[in-house]
Amino acid sequence: MSLPETRGKLRRMVANMVRRPYRYWLVAALIVSLLTYAWGQITQRRGDQVVSFDPATQTCGTDGSLRYCIYRDRRGTNGDILYHLHGRGLDERIWNDDTYLTAMVQSEWQRNAALPPTVVELSYGSTWLLTPKGEKADSGLLDDMMRRLPAIEAKVGRPQRRLLLGESMGGLNVLIAGLSYPTRFAKVAALCPGVYTVSPFATFSEIRASAKRTGADPKMIFGVWMLARKYAANNAEWQRVSPLTLIERAGPSYPALYLSNGLYDAYGNFEGTQRLADRARGRGVRTEWHPIYGGHCGTDAASLAAFLVSD
């Protein structure tokens, strides 16, 4: 093809693009979409890291609005009962999930040939907070749970000791239960618990300053604010369940505490949990404090498993 012919063909192509540009944009968009799809297929996760362990046997039931599952290690148990209160969005069937931290705890017990407690997973749904009965319609779950434990123990058997374990929302709940009824429980393990130095009934500027200081995600803080106000009507009711208030009446006879929190917790719980550990030690409470270099609910499974089966 001669140079004049080539130039003529190029001019015609440009003219066509000017007259009908949508066709070329459509082709370009299609190519971009195909490339994006292909990159997504190449880079997507193909699976999950799972924990190698022998799952506990599971028996589930209900008592009023409380749902529960009883888990027993197939090798046997040590006579204690561990009540596990799960985090937000989970339920009473999480204990044997091979991608969850509870599977890591079971794996540690089995690797070290330690007989674990019988585990009773408790749930009032995906989101709930243990509070005494107050002005809010949803309050009173603390009273309800404590009233229902004897019926569960009638099926499980009278325990040598009662232990509490919870993470995130459940971490706050086990602190409320253990510090409100200290004679009923021997140990409380609270992982990444929702403990704050500022009340959810504080001023907006105080809450904003707390979020900035702790690096908390504002969306997370708003969710916590909504949850607290669903179960507590005012600051006086909140202080009835705030761990930082409850610990002020504690002493050496209180349940032993295991507290852990990630430095970069998006919920901003590190500051409050560390302060709780300091106050607990100051009151003579046996306390293990495990600061974690990580995010929300990063957990040292080995020390946690050891704490739960130690004397």
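Computed from a predicted structure; not experimentally measured.
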Is [Y] paired with [X] through a side-chain N to carboxylate O contact shorter than 4.0 Å?
X: K136; Y: D138; value: no
X: D91; Y: R93; value: no
X: D143; Y: R147; value: no
X: R279; Y: E248; value: yes
X: E153; Y: R158; value: no

What are the two closest heavy atoms between [X] and [Y], and how far apart are they?
X: P132; Y: S139; result: O-CB, 3.5 Å
X: G157; Y: I81; result: O-CD1, 3.8 Å
X: P193; Y: S260; result: CD-O, 3.7 Å
X: V309; Y: P117; result: CG1-CD, 4.1 Å
X: G125; Y: S123; result: N-OG, 3.0 Å
X: R249; Y: L179; result: NH2-O, 3.6 Å

According to a hydrophobic-cluster definition based on side-chain heavy atoms being under 4.5 Å apart (Ile, Leu, Val, Met, Phe, Trp, Tyr only), do [X] and [Y] belong together?
X: V119; Y: L163; result: yes
X: V188; Y: L244; result: yes
X: L304; Y: V174; result: no
X: L66; Y: L82; result: no
X: I176; Y: V120; result: yes

Might you confirm whether atom [atom1] of [X] has over 12 heavy atoms from other residues, nucleotides or ligands at distances under 6.0 Å?
X: R229; atom1: CZ; result: yes
X: K155; atom1: NZ; result: no
X: M104; atom1: CE; result: no
X: R46; atom1: CZ; result: yes

What verdict does the ring pair (Phe, Tyr, Trp, His ring centres under 6.0 Å) test give for W289 and F307, after you've listed the backbone C-alpha separation in whole Å, the side-chain angles of each residue and the deciding distance to 0.1 Å? CA-CA 12 Å; W289 165 232; F307 172 81; over 10 Å; no
Would you indicate whether the side-chain heavy atoms of [Y] and [X] approach each other to under 4.5 Å?
X: V195; Y: N269; value: no
X: Q58; Y: C60; value: yes
X: I221; Y: Y267; value: no
X: T131; Y: L142; value: no
X: P243; Y: L172; value: yes
X: H290; Y: L191; value: no
X: I207; Y: Y196; value: no
X: R72; Y: V156; value: yes

Anything under 30° is parallel, anything over 60° is perpendicular, the rest tilted; go ahead and classify [X] against [Y].
X: W128; Y: Y124; value: perpendicular
X: Y293; Y: Y264; value: perpendicular
X: F185; Y: Y83; value: perpendicular

Side-chain donor/acceptor of [X] to backbone N/O of [Y], under 3.5 Å:
X: D48; Y: V50; result: no
X: E237; Y: A233; result: yes
X: W109; Y: A114; result: no
X: T214; Y: S210; result: yes
X: R74; Y: P55; result: yes
X: E135; Y: A232; result: no
X: S107; Y: A103; result: no
X: S33; Y: I31; result: no
X: D80; Y: R161; result: yes
X: R283; Y: A250; result: yes

Can you find a side-chain donor-acceptor pair between [X] and [Y] that sits under 3.5 Å?
X: Q239; Y: N235; answer: yes
X: Y71; Y: E92; answer: no
X: T287; Y: Y258; answer: no
X: H84; Y: T102; answer: no

Go through the steps to decide whether T299 and E167 satisfy the test side-chain contact (heavy atoms from CB on, under 4.5 Å), and finish with yes or no. CA-CA 10 Å; T299 303; E167 67 279 3; over 6 Å; no
[atom1]-[atom2] distance between [X] and [Y], expressed to the nearest 0.5 angstrom:
X: M169; Y: L130; atom1: CE; atom2: CG; answer: 8.5 Å
X: L175; Y: L246; atom1: CG; atom2: CG; answer: 9.0 Å
X: F53; Y: R111; atom1: CZ; atom2: CZ; answer: 14.0 Å
X: R162; Y: Y181; atom1: CZ; atom2: OH; answer: 13.0 Å
X: L165; Y: L308; atom1: CG; atom2: CG; answer: 6.0 Å
X: D63; Y: Y68; atom1: CG; atom2: OH; answer: 6.5 Å

Derivation and outcome, side chain to side chain donor-acceptor pair (under 3.5 Å), residues T127 and K230: CA-CA 11 Å; T127 307; K230 182 179 179 182; over 6 Å; no
Take Q106 and D54 through the side chain to side chain donor-acceptor pair (under 3.5 Å) test and state the conclusion after the steps. CA-CA 8 Å; Q106 292 188 72; D54 187 13; over 6 Å; no
Run the numbers on H296 and S168 for side-chain contact (heavy atoms from CB on, under 4.5 Å), then give the verdict. CA-CA 8 Å; H296 187 58; S168 194; 2.9 Å; yes
Between D144 and R148, does a side-chain contact (heavy atoms from CB on, under 4.5 Å) hold up when you go through it step by step? CA-CA 6 Å; D144 186 80; R148 297 185 189 280; 2.8 Å; yes
After noting the C-alpha distance and the side-chain angles of L141 and Y231, does the key distance pass the side-chain contact (heavy atoms from CB on, under 4.5 Å) rule? CA-CA 9 Å; L141 290 183; Y231 291 92; 4.0 Å; yes
